[in-house]
Amino acid sequence: MYWQDMREEMFPKAVMEFSGVCVVPFSAMNKKAQYLPVGADGMIVDSIVREAAKSEDVVVFPTGSILGETSDSGASGKGAIQLSQELQLTLLCDLCDEIARNGFRKILIVHKEPQDSTFLGLFMRYMGYQRKPYATLLVSAVNSEISKPENVLEEIKKRRGEFPDITEEDMKTLKKWAETGYGTKGSSYYQTFDKDVTFCDAALVMAESPELVAKDRYEAESYSSTHASDGLREAFVACSNMQNSDYPRGCAGLPPHGCTSSIGKAYLKLNAEFMARVFKLVKEDERCVISDARY
């Protein structure tokens, strides 16, 4: 159920029916790669939340990409939008307060990027210090384990009838990406950054809007690391400009050759299933609110 579609008298009932849960999609407006639209993150988050809500209904707030780019390295490329982090923090805090004023006690922020989680981690700590009478929760829209090509391939094999659009060529593509280890971030973020989320991102955009992925631009730029910060990384030294130094084009990864809309639909289905389980868990869990309110 979308906030903007509800009438005023519907809110009290929705709060009760959905156990006080409101989902807030959160995404950046920035350059992903030459072949993806600048709003790719928002499209991905919105599609996963929307599909998840079909099986586990919640109230969804229409935030979209209003806060813009959230990384420390700054907005990258034409079309990117970046507000100051001070303003972003103020806006997000006020937004949560307003959602809570309407009766929602559990505000689940669904984000896309590690850059988002850095900013949102600061936001979550700040909210803890504020001792709000409601709970803020945070989850990534794209589950990194579920989205590994080998795991997507295994799920398709086990549940073949649920993926009628998948072709034998799609299966070969997933097998190839699984063998090379590319497609989504692993547990060691910086070590796998060159083998980044390009395949996963392209798949999830293709799931609903294949015409927005410019296959003729796959090789337009190289997104490999310059390795400018390798020395600092090896010494476990953090630097605010590290990502921008290593990836000056604002993206990392390999061209997602072989990616199709049918593969994208499989990625969307699997991630939406996981998100629906998250929605159910948050609706049933009252301890998160008690923890915040005990102060």
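For the numbers below, each heavy atom of this structure counts, side chains included, while hydrogens, waters and symmetry mates do not. Throughout, residue positions are numbered sequentially from 1 according to the sequence presented.
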(request) Could you tell me whether the side chain of Met127 reaches within less than 4.5 Å of the side chain of Cys93, counting heavy atoms only? (result) yes
(request) Side-chain contact test, heavy atoms from C-beta onward, threshold under 4.5 Å: evaluate it for Ser147 versus Glu145 and give yes or no. (result) no
(message) With clusters defined by side-chain heavy atoms of hydrophobic residues (ILVMFWY) lying less than 4.5 Å apart, directly or transitively, does Val59 cluster with Leu281?
(response) no
(request) In plain terms, say whether Glu154 and Lys158 are close enough for a salt bridge, that is, a side-chain N and a carboxylate O under 4.0 Å apart. (result) no
(message) When you compare the side chain of Phe163 with that of Leu270, does any pair of heavy atoms fall below 4.5 Å?
(response) yes
(message) Donor-acceptor check, side chain of Lys175 to backbone of Leu153, threshold 3.5 angstrom: yes or no?
(response) no
(request) Give, for atom CE of Met1 and atom CE of Met6, the distance between the pair rounded to the nearest 0.5 Å. (result) 5.5 Å
(request) May I have the step-by-step check of side-chain contact (heavy atoms from CB on, under 4.5 Å) for Glu98 and Cys96, ending in yes or no? (result) CA-CA 5 Å; Glu98 282 298 291; Cys96 288; over 6 Å; no
(request) Tell me, yes or no, whether the heavy-atom count around Gln4 atom CD, taken from other residues, nucleotides or ligands under 6.0 Å, exceeds 12. (result) yes
(request) State, yes or no, whether a side-chain contact exists between Phe279 and Val23 at a heavy-atom distance under 4.5 Å. (result) yes
Pair up each side-chain donor or acceptor in residues 256-266 with any protein partner under 3.5 Å, not counting sequence neighbours, and list the distances.
| residue | atom | partner | partner atom | Å |
| --- | --- | --- | --- | --- |
| His257 | NE2 | Glu219 | OE2 | 2.8 |
| Thr260 | OG1 | Asp170 | OD1 | 2.9 |
| Thr260 | OG1 | Ser262 | OG | 3.0 |
| Thr260 | OG1 | Ile263 | N | 3.2 |
| Ser261 | OG | Met206 | O | 3.0 |
| Ser262 | OG | Asp170 | OD2 | 2.5 |

(request) Search all heavy atoms of Leu92 against all heavy atoms of Phe119 and return the closest pair with its distance. (result) CD2-CE2, 4.2 Å
(request) Search all heavy atoms of Gly161 against all heavy atoms of Pro164 and return the closest pair with its distance. (result) O-CD, 3.9 Å
(request) Could you tell me whether Lys13 and Glu17 make a salt bridge, using a distance below 4.0 angstrom between a side-chain N and a carboxylate O? (result) no
(request) Answer yes or no: is there a side-chain heavy-atom contact under 4.5 Å between Phe26 and Phe123? (result) no
(message) So does Ile146 get a backbone contact from the side chain of Asn271, meaning a donor-acceptor N/O pair under 3.5 Å?
(response) no
(message) Rounded to the nearest 0.5 Å, what separates atom CD in Glu273 from atom OG in Ser55?
(response) 8.0 Å
(message) For Lys283, I'd like to know if atom NZ has over 12 heavy atoms of other residues, nucleotides or ligands within 6.0 Å.
(response) yes
(message) Using every non-hydrogen atom in the two residues, find where Ile107 and Ala100 come nearest and quote the distance to one decimal.
(response) CD1-N, 4.3 Å
(request) Would you give the length of the straight line joining atom CG of Leu174 to atom CD of Glu150, rounded to the nearest 0.5 angstrom? (result) 10.0 Å
(request) Work out which heavy atom in Val213 is nearest to a heavy atom in Ala202; give both atom names and the distance. (result) CG2-O, 4.2 Å
(request) May I ask you to decide if Leu87's main-chain N or O and Ser84's side chain share a donor-acceptor pair within less than 3.5 Å? (result) yes
(message) Do Asp97 and Tyr134 have side chains that approach each other closer than 4.5 Å (heavy atoms only, starting at C-beta)?
(response) yes
(request) Please determine which of Glu155, Glu162, Glu51 meets the side chain to side chain contact (heavy atoms under 4.5 Å, CB included) test together with Lys269. (result) Glu162
(message) Can you tell me how far apart NZ (Lys157) and CD1 (Ile166) are? Round to the nearest 0.5 Å.
(response) 12.5 Å
(message) Less than 4.5 Å apart, side chain to side chain, heavy atoms only: is that true for Cys200 and Tyr267?
(response) yes
(message) For His227, is there any backbone N or O sitting under 3.5 Å from a side-chain donor or acceptor partner on Arg233?
(response) no
(message) For Ala28 versus Asp41, what's the shortest heavy-atom pair and its separation?
(response) O-CB, 3.8 Å
(request) Any chance you could measure Asn151, atom CG, to Asn143, atom CG, to the nearest 0.5 Å? (result) 9.0 Å
(request) Could you grab the distance from atom OG of Ser140 to atom CD1 of Ile48, nearest 0.5 Å is fine? (result) 8.0 Å
(message) Regarding Glu56 and Arg277, does a basic nitrogen lie under 4.0 Å from an acidic carboxylate oxygen?
(response) no
(message) If you count every heavy atom of other residues, nucleotides or ligands that lies below 6.0 Å from Tyr2 atom OH, does the total exceed 12?
(response) yes
(message) Can you give me the closest heavy-atom contact between Lys106 and Asp285, atom names plus distance?
(response) NZ-O, 3.0 Å
(request) Could you tell me whether Glu8 atom CD has more than 12 heavy atoms of other residues or ligands within 6.0 Å of it? (result) no
(request) Kindly assign one of parallel, tilted or perpendicular to the pair Phe104 and Trp3, based on the angle between their ring planes and the thresholds 30° and 60°. (result) tilted
(request) Considering only NZ, NE, NH1 and NH2 on the basic side and carboxylate oxygens on the acidic side, decide whether Asp201 and Lys112 come within less than 4.0 Å. (result) yes
(request) Please tell me if the side chains of Thr173 and Phe199 come closer than 4.5 Å, counting only heavy atoms from C-beta onward. (result) yes
